[in-house]
Amino acid sequence: MQEIQVKLTEIKKLIVNKAAQPYLLKYIAEPKIDEDKLLLLISFMKQQEMSDENIERYALATMLIQIALDTHEMVENSYSHTEESSTHKNRQLTVLAGTYYSGLYYQLLSHSSEIPLIKSLADGVKEVNEQKIVVYQNEMDKIETLMESIKVIESALFEKLSNHFYLPGWVEFSSNLLLVKRLKAEKKLFMELEYSLVFDCLQRLTFPEKKLSILSHDQQVQLITICDSYIDKAQTLINEALAKLPGLNSLLKERVQSIIKQQPTLAKISVEEG
């Protein structure tokens, strides 16, 4: 565990230093680094006994483009939820920040001769953006389509990287783990009576005549039950995938169990009691 933790800390510092842009940071928050995604990257590359240099290069490039995608999604969420959630200047700067992080990613890979890897990650970015359009434009016709879109948004980069290095066993594992994490985060937002993109879509598919803010208690519970059913299904698939991935490091195992056991309850009473 110690070795993986050290590498996680080292690469996180590299990402922070690479992404630091003084002017942008005067107006917007520091880029958020998803440590679970970084841990997944490090873990499967370590298991393949890649060199530290390659691990750092691949992880840094992948996380920079992930940060760019996440930063742009922050802007999309602010527009879709409320105009008061962010100033116009901050939104503009957040878009600029996402573009800046994308530029850092391309700069890193421009010095690499690994064209197939660059193409794989580019395909992942394309898939993420395509599915974001589906979700934000509310183009789903059923809940299963919504959940598949969310899974792609969360895990397309990791799927492409895993397949590039011929590690198909990691695809099922990582995609379902990241789906569970996202669904539980969305459920927590909903139960705290905050805006949730996933639950907004669930509402439109389940109760198209209603707005999310005026659902009855029973309707709220029904949406939570639907979400829980997909969480349960994904967690079963995680356990099945784990059986095919021997030798996982203990830090990743602990984090997987923490995500699986996590139960959003902060505002459960407000939902249950209506």
Side-chain angles (χ1 to χ4, degrees), residues 34 36-37 69-70 73-85 127-156 159 172-242 255-274:
D34 190 322
D36 291 322
K37 291 181 178 179
L69 290 167
D70 292 343
E73 187 165 352
M74 288 169 54
V75 179
E76 292 161 355
N77 280 335
S78 72
Y79 272 116
S80 62
H81 179 32
T82 171
E83 286 294 321
E84 298 177 357
S85 63
E127 288 187 13
V128 169
N129 286 327
E130 286 175 345
Q131 293 308 312
K132 282 185 178 181
I133 291 171
V134 169
V135 173
Y136 281 95
Q137 295 299 319
N138 196 29
E139 296 176 357
M140 303 81 62
D141 57 352
K142 54 185 179 181
I143 295 172
E144 186 69 28
T145 304
L146 167 65
M147 294 301 173
E148 284 301 317
S149 292
I150 296 298
K151 180 184 281 190
V152 170
I153 290 169
E154 290 299 311
S155 62
E159 176 186 345
E172 186 78 1
F173 167 60
S174 60
S175 63
N176 284 292
L177 180 66
L178 294 174
L179 175 63
V180 167
K181 182 182 176 182
R182 175 67 182 264
L183 291 182
K184 288 190 175 184
E186 295 285 335
K187 177 181 172 182
K188 181 174 181 289
L189 286 173
F190 179 65
M191 295 177 73
E192 291 176 348
L193 305 182
E194 296 183 30
Y195 175 76
S196 161
L197 173 65
V198 170
F199 274 81
D200 185 54
C201 293
L202 280 176
Q203 172 265 312
R204 293 174 189 273
L205 290 167
T206 310
F207 308 110
E209 75 286 354
K210 294 270 189 175
K211 290 186 177 180
L212 195 62
S213 59
I214 58 172
L215 292 179
S216 70
H217 163 66
D218 288 344
Q219 289 169 332
Q220 290 176 328
V221 171
Q222 185 172 339
L223 293 187
I224 291 172
T225 301
I226 292 170
C227 182
D228 283 344
S229 70
Y230 282 91
I231 290 173
D232 291 342
K233 179 181 177 181
Q235 289 183 164
T236 297
L237 294 173
I238 291 170
N239 289 326
E240 292 175 357
L242 281 173
R255 186 57 194 148
V256 170
Q257 291 307 311
S258 176
I259 291 172
I260 288 176
K261 292 176 181 178
Q262 182 183 13
Q263 291 295 337
T265 58
L266 291 181
K268 193 173 182 180
I269 292 177
S270 70
V271 175
E272 288 186 344
E273 295 184 352

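Residue numbers start at 1 and run along the sequence shown.
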What residues form a side chain to side chain contact (heavy atoms under 4.5 Å, CB included) with Gln131, not counting sequence neighbours?
Val134, Ser149, Val152, Ile153
By side chain to side chain contact (heavy atoms under 4.5 Å, CB included) - contacts of Leu189 (at least two apart)
Glu186, Glu194, Ser196
Do [X] side-chain atoms and [Y] backbone N/O form a donor-acceptor pair below 3.5 Å?
{"X": "Lys184", "Y": "Ile231", "result": "no"}
{"X": "Ser229", "Y": "Ile226", "result": "yes"}
{"X": "Thr145", "Y": "Asp141", "result": "no"}

Distance (rounded to the nearest 0.5 Å) between [X] [atom1] and [Y] [atom2]:
{"X": "Gln203", "Y": "Glu209", "atom1": "CD", "atom2": "CD", "result": "8.0 Å"}
{"X": "Glu154", "Y": "Leu69", "atom1": "CD", "atom2": "CG", "result": "10.5 Å"}
{"X": "Ser174", "Y": "Asp36", "atom1": "OG", "atom2": "CG", "result": "12.0 Å"}
{"X": "Asn176", "Y": "Ile260", "atom1": "CG", "atom2": "CD1", "result": "10.0 Å"}
{"X": "Ile214", "Y": "Gln220", "atom1": "CD1", "atom2": "CD", "result": "11.0 Å"}

Taking all heavy atoms of Val198 and all of Leu146, pick out the closest pair and write down the distance.
O-CD2, 4.0 Å
Minimal non-hydrogen separation, Met140 against Leu205, with atom names:
O-CD2, 3.6 Å
Taking side chain as C-beta onward, heavy atoms only, is Leu223 less than 4.5 Å from Phe207?
yes
Quick check: do Tyr230 and Ile143 have side-chain heavy atoms less than 4.5 Å from each other?
yes
I need the full list of salt bridge (Lys or Arg N to Asp or Glu O under 4.0 Å) pairs touching residues 218-240, with sequence neighbours left out, sorted by first then second residue.
Lys187-Asp228
Please report the C-alpha distance between Leu237 and Phe173 in whole Å, then the side-chain angles of each, then the deciding distance to 0.1 Å, and finally whether the side chain to side chain contact (heavy atoms under 4.5 Å, CB included) criterion is met.
CA-CA 7 Å; Leu237 294 173; Phe173 167 60; over 6 Å; no
Given the rule in the side chain to side chain contact (heavy atoms under 4.5 Å, CB included) test, do Phe190 and Asp200 qualify, once you have shown the distances and angles that lead to the verdict?
CA-CA 9 Å; Phe190 179 65; Asp200 185 54; over 6 Å; no
